[in-house]
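As C-alpha cells, the structure follows; a few thoughts come after it.
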Amino acid sequence: MPLGWRVLKKIENIIREEMDKAGGQELMLPVLQPFELWQQSGRYVSFGKSLFTLTDRKEYTLALGPTHEEVITDLVHRYVQSYRELPLLLYQIQTKLRDEPRPRGGLLRVREFIMKDLYSFDADETGLDKSYQSMCQAYSNIYARLGLPTMIVEADSGAIGGKDSHEFMVITETGEDEVIYCSNCGYAANAEKAQSAKTRGDAETPLPLEEIATPEAKTIQEVADFIGVPTKQTLKAVFYFADGEFVFVIIRGDLEVNETKLRNALKCSELRLATEGEVNEAGLVAGFASPIGVKGVKVVADDSITSGFNFIVGANKPGYHLKNANYPRDFQVDLIADIALAQSGDSCPKCRGKLSLARGIEVGHVFKLGTFISERFGASFLDNDGTSRPIVMGCYGIGLGRLLAAIVERSHDDKGIIWSLSVAPYQVYLCPLHLDKPAVLPTAEKIYQELQKEGIDVLFDDRDDSPGVKFNDADLLGIPLRLTLSPRTLQSQSVEAKWRTEKEAQLLPLENLAAGINRLLGGKLAQ
RNA sequence: CGGGGCGUAGCGCAGUGGGUAGCGCGCAGCGUUCGGGACGCUGAGGUCGGAGGUUCAAAUCCUCUCGCCCCGACCA
C-alpha cells in the first residue's frame with residue numbers, strides 16, 4: 001500500500017503540472033454538499049441512487065459529491081460578472097463518492113475514488129471549443145508522460161449531461177468498456193454511442209400483407225430460417241419498461257438494441273427489459289409480436305425500419321407471422337431514432353469501411369456542458385456589448401486509481417509490474433547480497449546515504465534473504481533500475497546495474513556512483 | 001435488483017454413504033545453504049460464516065440467516 005500511494009502521488013503530480021500548464025487553477029471544493037444544489041440542477045434525478053445522501057442532526061439533507069458541477073457553478077455565479085474574467089479554468093484533485101450499483105475490478109470501479117476534475121467557463125462556444133481543445137491536449141500529454149497509449153473515442157455524455165463528449169481509452173482485454181473503431185478513417189466511439197451505416201436494400205415494390213403459419217418459430221433466427229430469408233428481412237420486437245412505462249421497440253432483425261441510445265431517445269433514467277409476464281399483460285404475444293394493429297402502447301422504432309421493404313413481422317397471434325410489412329403503410333410509430341448497437345463487422349458511418357471492436361478502460365472523460373447548468377444556477381456574465389449571457393461550461397475528469405490500474409494492466413509480465421521511471425514508487429532498487437560477508441552491508445549503507453543525499457529515489461532491500469528471493473521481489477515490485485552489491489562486485493569496486501526491462505546488466509564503479517546513476521536515469525528519461 | 005458461485009489455520013485449498021479436522025504456502029526456533037522464489041529437523045496456529053433442528057454422534061443431513069466473489073443495468 002505505501003508503494004501504491006507513492007505511485008498515486010506521482011501520477012497526481014504529473015496531472016497537476018499539466019493542468020497548471022494548460023492554465024488551470026487548483027482549488028478544493030466541499031465533499032459535503034447541500035442537497036438543494038442537486039435539486040436546482042435537476043440532476044438528482046439522472047444520478048438517481050448513485051448519489052449518496054445523508055441527513056444531519058437538524059434533519060437537513062446533504063449529498064456526498066459524486067462530481068462538482070453544481071458546487072462550482074454555484075461558486076462561480078457568485079464571483080464572475082464580466083467577460084473580462086473569462087475564460088476560467090478551475091480544478092481540484094479530490095475524493096468522489098458514488099453509490100455504484102456494482103463496484104468491481106479492484107481499483108477499476110469503486111464507490112470512493114480520487115478524481116481530478118476541471119471545469120472550464122467561457123463566454124461563448126468558440127471559447128469552449130478552445131478550452132476543450134487545450135484540455136484534450138493536456139490529457140494527451142499526461143498519458144504520454146505516464147507511458148500509457150490511449151485512444152480518443154466519441155462518448156455518450158450520460159448523467160453528466162451536455163453535448164460533445166470524448167473518452168480516453170486504454171485498450172486492454174480486461175477493460176469494461178467496448179470501443180467500436182474504423183481502422184480505415186479513424187472513426188472511434190464508445191459502443192454505447194457508436195453508429196454504423198445501416199445498409200439499404202434496393203427499392204422494391206411494396207407487396208400486399210400476407211399471413212403465414214410459422215409454428216414453433218419464435219426467435220428471429222428461427223423465423224428467418226423457416227421462411228428462407230436473411231434476418232435483415234425481418235423486424236424484431238423488444239419490450240422495455242422506461243421509468244415505469246411499457247415501451248414497444250421495433251428494430252430490424254439483424255440488429256440489436258443499444259439501451260443507452262434508447263434511454264437517450266426516450267429521455268428516461270430507468271430502463272429495463274420487460275418480463276414475459278408483463279408482455280402478456282400488455283396484450284402482446286412474445287415471439288409473434290408486431291406493431292401492426294397495436295393500440296395504446298408506446299412504439300419506438302430504430303431508423304433501420306425505413307431501410308428496406310416487405311419485412312417479415314409477427315402477426316400478434318401465436319404461430320403466425322406476416323409477410324410484406326412496410327412502414328409507414330402498415331403501422332405507425334411514436335418515435336423513430338437511431339437506437340441500434342453498432343457491431344464489429346458493420347460498416348463505418350463515415351467511410352463505409354469495416355468497423356472493429358476492442359475492449360478498453362476509460363481513463364479520462366471530457367464533456368462540453370454548454371449552458372445547461374449555468375442557466376439553472378444563474379451563472380451569467382455581462383458581455384462587452386452589455387448583454388447578460390450564460391457562461392458556457394465544460395468539464396474534464398480523470399480517475400487516478402483507475403489510471404494506476406490501467407498502467408499496471410498495460411505494463412506487466414509474468415514476473416510482476418514494470419513501472420516507467422515517471423511513476424515508479426522508487427526509481428532504484430538497492431539490493432545487497434550476502435549481508436554476512438565483510439564490507440557488504442556497510443558499503444550498501446554508505447551507498448544508500450549517498451544516493452539519498454543526491455536526491456535519487458531509492459529503495460533499500462536490507463533483508464537477509466537469498467538472492468533469488470530478493471531478485472524476484474525486485475521484479476515483482478517493478479522498480480525500473482536494480483543495483484546489486486555483493487562480494488563479487490566489491491572485488492572490482494563496483495555495483496551491478498540492471499534495468500527491469502532488460503536482460504543484461506552493467507557494472508558501475510563505486511567511485512562517484514550517484515553521478516553514474518543519474519547519468520543512467522537521465523539517459524533513460526531522454527528516450 | 002436479476003442470474004451464478006463460494007464461506008474449513010494468516011493465505012490458497014482438500015475433506016458429505018454422519019464417528020473427535022487435513023494438505024500446500026506462509027509464520028517461529030535451530031542448523032546447512034544462498035547471483036534467480038533452497039533444504040532438514042522442531043514448533044505455534046481452526047468457535048469448520050452465524051442461529052436453530054435431526055442424531056448416541058454433524059464441517060458433513062434439514063430450515064433460516066449473514067458475508068464475500070463473479071456475470072448483467074451504472075461510470076472517472
Side-chain angles (χ1 to χ4, degrees), chain A residues 11 15 46-51 65-68 91-118 139 142 150 155-160 165-170 174-178 190 192-193 240-242 257-260 262-263 268-275 360-367 395-406 414-416 431-437 440 463-476 482-490 495-496 498 503 505 507:
Chain A
I11 293 174
I15 292 174
S46 45
F47 261 89
K49 290 180 180 158
S50 296
L51 183 66
T67 174
H68 285 72
Y91 76 97
Q92 61 172 345
I93 297 170
Q94 187 207 47
T95 299
K96 299 282 181 280
L97 295 140
R98 294 183 191 173
D99 195 351
E100 294 284 346
R102 188 158 107 72
R104 70 169 117 183
L107 282 174
L108 281 184
R109 166 168 233 84
V110 284
R111 299 200 295 184
E112 175 179 338
F113 59 97
I114 302 173
M115 178 165 118
K116 184 288 301 172
D117 45 327
L118 183 142
Y139 274 34
I142 289 167
T150 55
D156 181 69
S157 46
I160 309 277
S165 174
H166 290 86
E167 290 168 334
F168 293 79
M169 292 284 187
V170 171
T174 54
E176 40 173 15
D177 285 280
E178 292 188 332
N190 191 309
E192 44 180 55
K193 162 91 177 181
Y240 285 91
F241 262 91
V257 174
N258 177 327
E259 295 189 358
T260 303
L262 178 58
R263 183 176 287 117
C268 69
S269 59
E270 293 256 343
L271 183 73
R272 65 171 176 84
L273 277 169
T275 64
I361 300 172
E362 179 192 344
V363 291
H365 199 161
V366 295
F367 301 83
C395 74
Y396 317 83
I398 289 186
L400 304 217
R402 185 180 280 183
L403 205 44
L404 182 147
D414 52 344
K415 292 184 164 158
C431 182
L433 303 177
H434 309 287
L435 299 186
D436 52 330
K437 294 287 167 18
V440 174
R463 296 173 305 168
D464 186 13
D465 272 309
S466 71
V469 172
K470 299 177 87 158
F471 288 161
N472 280 298
D473 279 347
D475 287 348
L476 184 66
R482 188 185 75 199
L483 297 183
T484 309
L485 177 74
S486 71
R488 195 190 291 178
T489 67
L490 272 174
V495 299
E496 178 197 278
K498 179 190 164 300
K503 231 176 160 55
L507 288 179

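Note on naming: letters A, B, ... go to the chains in the order of the sequence lines (proteins, then strands), and numbering restarts at 1 for each one.
- Using a 4.5 Å heavy-atom cutoff, the side chains of Thr67(A) and Arg98(A) are in contact.
- The backbone N or O of Tyr91(A) sits nowhere less than 3.5 Å from a side-chain atom of Lys116(A) that would complete a donor-acceptor pair.
- In this entry the distance linking CZ of Phe241(A) with P of A73(B) reads 20 Å, nearest Å.
- If you take atom C1' in C62(B) and the same atom in G26(B), they sit 38 Å apart, rounded to whole Å.
- Considering only residues two or more places apart in sequence or on other chains, Glu496(A) meets the salt bridge (Lys or Arg N to Asp or Glu O under 4.0 Å) condition with Arg482(A).
- The partner of G22(B) is C13(B), by the rule that a Watson-Crick or G-U pair needs both atom distances under 3.5 Å.
- For Val110(A), whose side chain is taken as the heavy atoms from C-beta onward, the closest listed nucleotide among A73(B), A76(B), G35(B) is A76(B).
- Using a distance-only test at 3.5 Å, with no hydrogens or angles considered, a donor-acceptor pair links the side chain of Tyr139(A) to the main chain of Tyr396(A).
- Rounding to whole angstrom units, CD of residue Glu192(A) and C1' of G72(B) are separated by 14 Å.
- In this structure, His365(A) does not reach the C75(B) phosphate: none of its side-chain N or O atoms is under 4.0 Å from OP1 or OP2.
- Looking at Arg109(A), its side chain comes within 3.5 Å of the base of C75(B) through a donor and an acceptor atom.
- Across all strands shown, G31(B) is found opposite C39(B) as a Watson-Crick or G-U wobble partner, with both distances under 3.5 Å.
- Rounded to whole Å, the distance from CZ on Phe47(A) to C1' on A73(B) is 16 Å.
- Across every strand in view, G67(B) sits in a pair with C6(B) that passes the Watson-Crick or G-U test at under 3.5 angstrom.
- The separation of C11(B) from G4(B), taken at their P atoms, amounts to 28 Å, rounded to a whole angstrom.
- Among the atoms of the strands shown, none is found under 4.0 Å from any heavy atom of Gly401(A).
- Side-chain N/O atoms of Arg402(A) and base N/O atoms of C75(B) include a donor-acceptor pair closer than 3.5 Å.
- To the nearest whole angstrom, the two C1' atoms, one in G22(B) and one in A59(B), are 12 Å apart.
- Comparing G12(B) with G18(B), their P atoms sit 29 Å apart, to the nearest whole Å.
- Nucleotide G52(B) has C62(B) as its partner under the Watson-Crick or G-U criteria, with both atom distances under 3.5 Å.
- You'll find the side chain of Asn190(A) stays beyond 4.5 Å of the side chain of Asp156(A), heavy atoms only.
- Glu259(A) places its CD atom 13 Å from the C1' atom of G2(B), with the value rounded to the nearest Å.
- Across all strands shown, A57(B) forms no Watson-Crick or G-U wobble pair with both key distances under 3.5 Å.
- For the pair Asp99(A)/Arg111(A), a side-chain contact is recorded, criterion being any heavy-atom separation below 4.5 Å from C-beta on.
- Distance from the side chain of Arg263(A) is smallest for C74(B) among the nucleotides C34(B), C75(B), C74(B).
- Side-chain atoms of Thr150(A) never come within 3.5 Å of backbone atoms of Met169(A) as a donor-acceptor pair (strictly under, hydrogens ignored).
- In this model, a side-chain donor or acceptor of Asp177(A) finds a partner on the base of C75(B) within 3.5 Å.
- Rounded to the nearest 0.5 Å, atoms CZ (Arg488(A)) and CG (Leu433(A)) are 9.0 Å apart.
- Between the P atom of A76(B) and the CD atom of Gln94(A) lies a distance of 16 Å, rounded to the nearest Å.
- Comparing C25(B) with G67(B), their P atoms sit 35 Å apart, to the nearest whole Å.
- In this structure, Glu176(A) and Glu362(A) have side chains that are not in contact, with every pair of non-hydrogen atoms separated by 4.5 Å or more.
- Remark: His365(A) pairs with Phe367(A) by the ring pair (Phe, Tyr, Trp, His ring centres under 6.0 Å) rule, at least two apart or across chains.
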What is the per-nucleotide protein-contact pattern of nucleotides 36-42 of chain B, from the 5' end, where B denotes a base atom under 4.0 Å from a protein heavy atom, S denotes such proximity for sugar-phosphate atoms only, and - denotes neither? BBS----
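- Rounded to an integer number of Å, the gap from CG of Asp464(A) to P of U33(B) is 14 Å.
- When both pairing distances are held under 3.5 Å, A44(B) makes no Watson-Crick or G-U pair with any nucleotide shown.
- In this structure, Thr95(A) reaches neither bases nor backbone, as no heavy-atom distance under 4.0 Å exists between it and the strands shown.
- A57(B) and A21(B): their C1' atoms are spaced 15 Å apart (whole Å).
- Rounded to a whole angstrom, the distance from the C1' atom of G17(B) to that of G49(B) is 26 Å.
- C1(B) is paired with G72(B) under the criterion used here, namely a Watson-Crick or G-U wobble arrangement in which both key atom distances are under 3.5 Å.
- As a whole-Å value, the separation of Lys193(A) NZ from C75(B) C1' is 16 Å.
- The distance between atom CG of Leu97(A) and atom C1' of A76(B), rounded to the nearest whole Å, is 13 Å.
- Residue Ser486(A) is in base contact, counting any heavy-atom pair closer than 4.0 Å across all strands shown.
- Remark: the separation of the C1' atoms in C68(B) and C27(B) is 26 Å, to the nearest Å.
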